[in-house]
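For reference, positions follow the sequence shown, starting with 1. Only heavy atoms go into these numbers, but all of them, side chains included; no hydrogens, no water, no symmetry mates.
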Amino acid sequence: MGLRDYETVLKAAADPTRVRILKILEGGEICVCQVIAIISLGQSTVSKHLFLLRAAGLIKDRRDRKWVHYSLDRGGDSPYTTRMLRILRGWLNDDPVVAKDRERAAMARAIGPIAICERNMKLPARMRPASKR
């Protein structure tokens with residue numbers, strides 16, 4: 001591991017949108033369509049950010065039919081990625097943008113990728129409470 005690897009990880013983690021994605025993934029694996037719905041950016045923009053995070057070794061992906069799921073790559077080969085993910089876990093937890101992303105991520109996980117794709121990568125304004133039976 002050399003200076004180039006160090007630079008790649010730090011540059012990937014320096015972008016606010018990519019940090020938002022990493023903070024969302026702290027909650028576990030999520031589909032790319034859910035990431036798009038959570039952060040409300042276009043598909044190509046989100047895909048570029050995910051590509052850079054994956055190239056830096058911070059995240060990994062898994063295909064499931066037509067969906068691509070992303071998660072943090074905590075078992076990566078680079079000591080820089082492992083440390084960055086560990087350090088980032090303690091940062092920005094009180095940030096209002098990160099807090100809102102977490103709320104939206106919980107909603108996206110509850111709805112699931114199929115429903116989000118059917119809704120054109122959009123989340124509802126808010127979740128309805130479960131009906132009483």
Enquirer: Are more than 12 heavy atoms from other residues, nucleotides or ligands located less than 6.0 Å from atom CZ of Arg62?
Expert: yes
Enquirer: Evaluate Arg18 against Leu52 for side chain to side chain contact (heavy atoms under 4.5 Å, CB included), listing each step before the verdict.
Expert: CA-CA 9 Å; Arg18 290 193 285 273; Leu52 292 169; 3.3 Å; yes
Enquirer: Does any non-hydrogen side-chain atom of Val32 lie less than 4.5 Å from one of Gln43?
Expert: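 Counting from C-beta outward, Gln43 and Val32 never come under 4.5 Å.
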Enquirer: Please say whether more than 12 non-hydrogen atoms of neighbouring residues, nucleotides or ligands are located less than 6.0 Å from CG in Asp94.
Expert: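 No - once you tally the heavy atoms of other residues, nucleotides and ligands closer than 6.0 Å, there are 12 at most.
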Enquirer: Where do Arg102 and Asn93 land on the side chain to side chain contact (heavy atoms under 4.5 Å, CB included) test, with the steps shown first?
Expert: CA-CA 10 Å; Arg102 283 198 176 123; Asn93 293 321; 2.9 Å; yes
Enquirer: Tell me, do Thr17 and Thr45 make a side-chain contact under 4.5 Å, heavy atoms counted?
Expert: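 No, their side chains stay 4.5 Å or more apart.
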Enquirer: Do you know which of Val9, Leu25, Asp73, Thr82 makes side-chain contact (heavy atoms from CB on, under 4.5 Å) with Leu58?
Expert: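 Per the side-chain contact (heavy atoms from CB on, under 4.5 Å) rule, the option paired with Leu58 is Val9, out of Val9, Leu25, Asp73, Thr82.
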Enquirer: Assess the residue pair Glu7 and Arg4 against the criterion (salt bridge (charged side-chain N to carboxylate O under 4.0 Å, His left out)); give the C-alpha distance rounded to whole Å, side-chain angles, the decisive distance to 0.1 Å, and a yes or no.
Expert: CA-CA 5 Å; Glu7 178 185 21; Arg4 180 72 62 198; 3.1 Å; yes
Enquirer: With clusters defined by side-chain heavy atoms of hydrophobic residues (ILVMFWY) lying less than 4.5 Å apart, directly or transitively, does Leu85 cluster with Leu10?
Expert: yes
Enquirer: When you group the ILVMFWY residues by side-chain heavy-atom contacts below 4.5 Å and let the links chain together, are Leu53 and Phe51 in the same group?
Expert: no
Enquirer: Can you tell me how far the CZ atom of Arg109 sits from the CD1 atom of Ile24, to the nearest 0.5 Å?
Expert: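 Separation between the atoms: 8.0 Å.
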Enquirer: For the atom pair CG (Leu72) and CZ (Arg89), what is the distance rounded to the nearest 0.5 Å?
Expert: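 Nearest 0.5 Å value for the CG-CZ distance: 7.5 Å.
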Enquirer: Between Glu26 and Lys23, is there a side-chain N and carboxylate O pair less than 4.0 Å apart?
Expert: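 Looking at Glu26 and Lys23, the cut-off is met.
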Enquirer: Please say yes or no: joined through hydrophobic side-chain contacts below 4.5 Å, possibly via intermediate residues, are Leu22 and Val97 part of one cluster?
Expert: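 Leu22 and Val97: separate clusters.
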Enquirer: Using side-chain heavy atoms (C-beta onward) and a distance below 4.5 Å, is Pro124 in contact with Arg119?
Expert: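 A side-chain contact under 4.5 Å exists here.
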Enquirer: Quick one: does any side-chain atom of Arg104 pair with a main-chain N or O of Ala37 as donor and acceptor, under 3.5 Å?
Expert: yes
Enquirer: Please determine whether side chain to side chain contact (heavy atoms under 4.5 Å, CB included) holds for the pair Leu92 and Arg20, giving the CA-CA distance in whole Å, both sets of side-chain angles, and the decisive distance to 0.1 Å.
Expert: CA-CA 9 Å; Leu92 300 169; Arg20 288 176 65 194; over 6 Å; no
Enquirer: Judged by atom type as modelled, is there a donor-acceptor pair below 3.5 Å linking the side chain of Glu29 to the main-chain atoms of His69?
Expert: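 Absent.
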Enquirer: How long is the gap from CD1 on Ile59 to CG on Leu50, to the nearest 0.5 Å?
Expert: 4.5 Å
Enquirer: Of all heavy-atom pairs between Cys31 and Trp67, which one has the smallest distance, and what is that distance?
Expert: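 So the minimum-distance heavy-atom pair works out to SG-CD1, 3.3 Å.
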Enquirer: Rounded at 0.5 Å granularity, tell me how far CG in Leu88 sits from OG1 in Thr81.
Expert: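 Answer for the CG-OG1 pair, Leu88 versus Thr81, is 12.5 Å.
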Enquirer: In Å and rounded to the nearest 0.5 Å, what is the CG to SG distance from Asn120 to Cys33?
Expert: 11.0 Å
Enquirer: Under 4.0 Å between a Lys/Arg side-chain N and an Asp/Glu carboxylate O for Asp61 and Arg54?
Expert: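 The answer is yes: the pair qualifies as a salt bridge.
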Enquirer: Mind checking the CD-OH spacing from Gln34 to Tyr70? Nearest 0.5 Å is all I need.
Expert: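 Nearest 0.5 Å value for the CD-OH distance: 13.0 Å.
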Enquirer: Would a single hydrophobic cluster contain both Ile39 and Trp91, if residues Ile, Leu, Val, Met, Phe, Trp and Tyr are joined by side-chain heavy-atom contacts under 4.5 Å?
Expert: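 Cluster IDs for Trp91 and Ile39 match.
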